[in-house]
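Note that the structure is a prediction, hence the values are computed from the model and not measured. Note that these values count all heavy atoms, side chains included, but never hydrogens, waters or copies made by symmetry.
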Protein chains: 2
Amino acid sequence: MTRNTRDDVVAAAGRLFAERGYHGTSMRDLGKELGLLGSSLYSHVDGKQQLLVEVVNRGAGFFQQAADDALAVEGSATERMRALIDGHTRVVLDHRSEVRTYLNEADSLDHERRASVIAARDRYEDAYRTVLKEGATDGSFRADLDPPLAAIFILSILNAVDRWYREDGRVDRDALVTGMFELVTEGVS
Amino acid sequence: MTRNTRDDVVAAAGRLFAERGYHGTSMRDLGKELGLLGSSLYSHVDGKQQLLVEVVNRGAGFFQQAADDALAVEGSATERMRALIDGHTRVVLDHRSEVRTYLNEADSLDHERRASVIAARDRYEDAYRTVLKEGATDGSFRADLDPPLAAIFILSILNAVDRWYREDGRVDRDALVTGMFELVTEGVS
DNA sequence: CCTACCGATCGGTAGG
DNA sequence: CCTACCGATCGGTAGG
């Protein structure tokens, strides 16, 4: 048992916020998770809200990096869409705690921080709108597509993954990504 | 200002649980919402957990009723799918508080109640699996469709509606339902 | 539905 | 990272 780093504290906070929510996690709970007292956490961080901010910022960063990578993929809009879906899925499954906290606990941030999360989400969503618009223009997708609306629908599917997907289930990651990609591009018909 | 009924209390609890979450709502908050003291609520209900149970049960009931109605629609699997999408959307938009609480706060239920919510969700999801299976068999949908997976994707879109949709926005209810139906059946291509 | 409480727990601090 | 606290708030109760 060596001493905890500040990073350990933020990571553990992410796990508990993801599992029990921000309001459902006390500093004493977090201390117990790390093997120390709640009051001892204040030598690592200023307060509980700061922990939430840091966890949420990590989540936002992962997503934005993935979007930038996907937009850089050369080829058709369809290929970039597949890269977006693949990247999002990877982020969700590789960083579940930060992602869950980012997606579900942002309401517990103070006004200013909350606004910046909303802005970050909009920037991220814009990657989807951009690719959809490209595809509607160049003929990869339907010309009558409503890109902002379709972006919301696609992200709804993607963001829900962490709520139900289990790594040890019937569907592996590849099948998951392929399944989402096919529904998005071709639908059920 | 007449006295509050038990129904008023449950309805107000739904509003606050939906807005601030179960853990983020105190009995004193709820009392203030109704114009009385937190302690006075105990003449209407046994406790906070009971309020959550009742709000969640209302949400579950609305959804199951809508699914039963949609399954009773005669015609093609495609028509029943549209009825499912339409019904779900109506429930979400007409009963936002109960729906949000049902979808987001079920984790705060005790073990037994939580298990019964999970069972209710599975029963509801089964309506989607059934229609998808019908459609895959009778040629309305792709024969290689994975109905359980497609059901999750469709419900992901539907459940997310309450997170972003605004009644006074660019998209009216009809356009919303049509947009979701088209993405689900035809995709973006 | 209010008055007057209860013990428990909360986020956080002072000082080491 | 601990000891020893603080005031505030929590869900809930007794009695009216």
Undergrad: Are the side chains of B/Glu74 and B/Glu79 in touch, meaning some heavy atoms are under 4.5 Å apart?
TA: no

Undergrad: Please give, in whole Å, the distance from C/dC1 P to B/Leu34 CG?
TA: 8 Å

Undergrad: Examine B/Tyr128 and B/Val73 and state if one hydrophobic cluster contains both, with Ile, Leu, Val, Met, Phe, Trp and Tyr joined whenever side-chain heavy atoms are less than 4.5 Å apart.
TA: no

Undergrad: Before you tell me yes or no, could you show the steps for B/Arg82 and B/Thr178 under side chain to side chain donor-acceptor pair (under 3.5 Å), namely the whole-Å CA-CA distance, both residues' side-chain angles and the distance that decides it to 0.1 Å?
TA: CA-CA 8 Å; B/Arg82 186 165 177 131; B/Thr178 299; 3.1 Å; yes

Undergrad: Could you tell me the separation between the CG atom of A/Asp29 and the P atom of D/dC10, rounded to a whole number of Å?
TA: 17 Å

Undergrad: Treat a base pair as Watson-Crick or G-U wobble with both distances under 3.5 Å, then lay out DNA chain D in dot-bracket form, 5' to 3', with | for cross-strand pairs.
TA: ||||||||||||||||

Undergrad: Salt bridge check, B/Asp162 against B/Arg100: does any charged N sit closer than 4.0 Å to a carboxylate O?
TA: yes

Undergrad: Rounded to whole angstrom units, what separation is found between the NZ atom of A/Lys32 and the C1' atom of C/dC10?
TA: 14 Å

Undergrad: Take the angle between the ring planes of A/Tyr124 and A/Phe63 and call it parallel below 30°, perpendicular above 60°, tilted in between.
TA: tilted

Undergrad: Counting only heavy atoms not in B/Arg121, do more than 12 sit closer than 6.0 Å to its CZ atom?
TA: yes

Undergrad: Can you tell me which nucleotide in C/dG12, C/dC2, C/dC5 comes closest to the side chain of B/Arg28?
TA: C/dC5

Undergrad: Does anything in residues 38-53 of chain A reach DNA chain D, meaning a heavy atom under 4.0 Å, and if so which residues?
TA: A/Ser39, A/Ser40, A/Ser43, A/His44

Undergrad: Within this structure, what is the CZ-to-P distance between B/Arg3 and C/dC2, rounded to whole angstrom?
TA: 8 Å

Undergrad: Answer yes or no: are there more than 12 heavy-atom neighbours, outside B/Glu167 itself, under 6.0 Å from its atom CD?
TA: yes

Undergrad: To the nearest angstrom, how far is B/Leu30 atom CG from D/dG11 atom P?
TA: 10 Å

Undergrad: Under a 4.0 Å threshold between the charged nitrogen and the carboxylate oxygen, would B/Lys32 count as salt-bridged to B/Asp29?
TA: no

Undergrad: Nearest-Å distance, CG (B/Leu36) to P (C/dC1)?
TA: 5 Å

Undergrad: Just the rounded figure in Å: distance from C1' of C/dT9 to CE of A/Met27.
TA: 14 Å

Undergrad: State, with a plain yes or no, whether a side-chain heavy atom of A/Asp86 is found less than 4.5 Å away from one of A/Thr89.
TA: no

Undergrad: Tell me which nucleotide among C/dC1, C/dC2, C/dC10 gets nearest to the side chain of A/Ser26.
TA: C/dC10

Undergrad: Write down the distance between CG (B/Leu37) and C1' (D/dG12), rounded to a whole number of angstrom.
TA: 14 Å

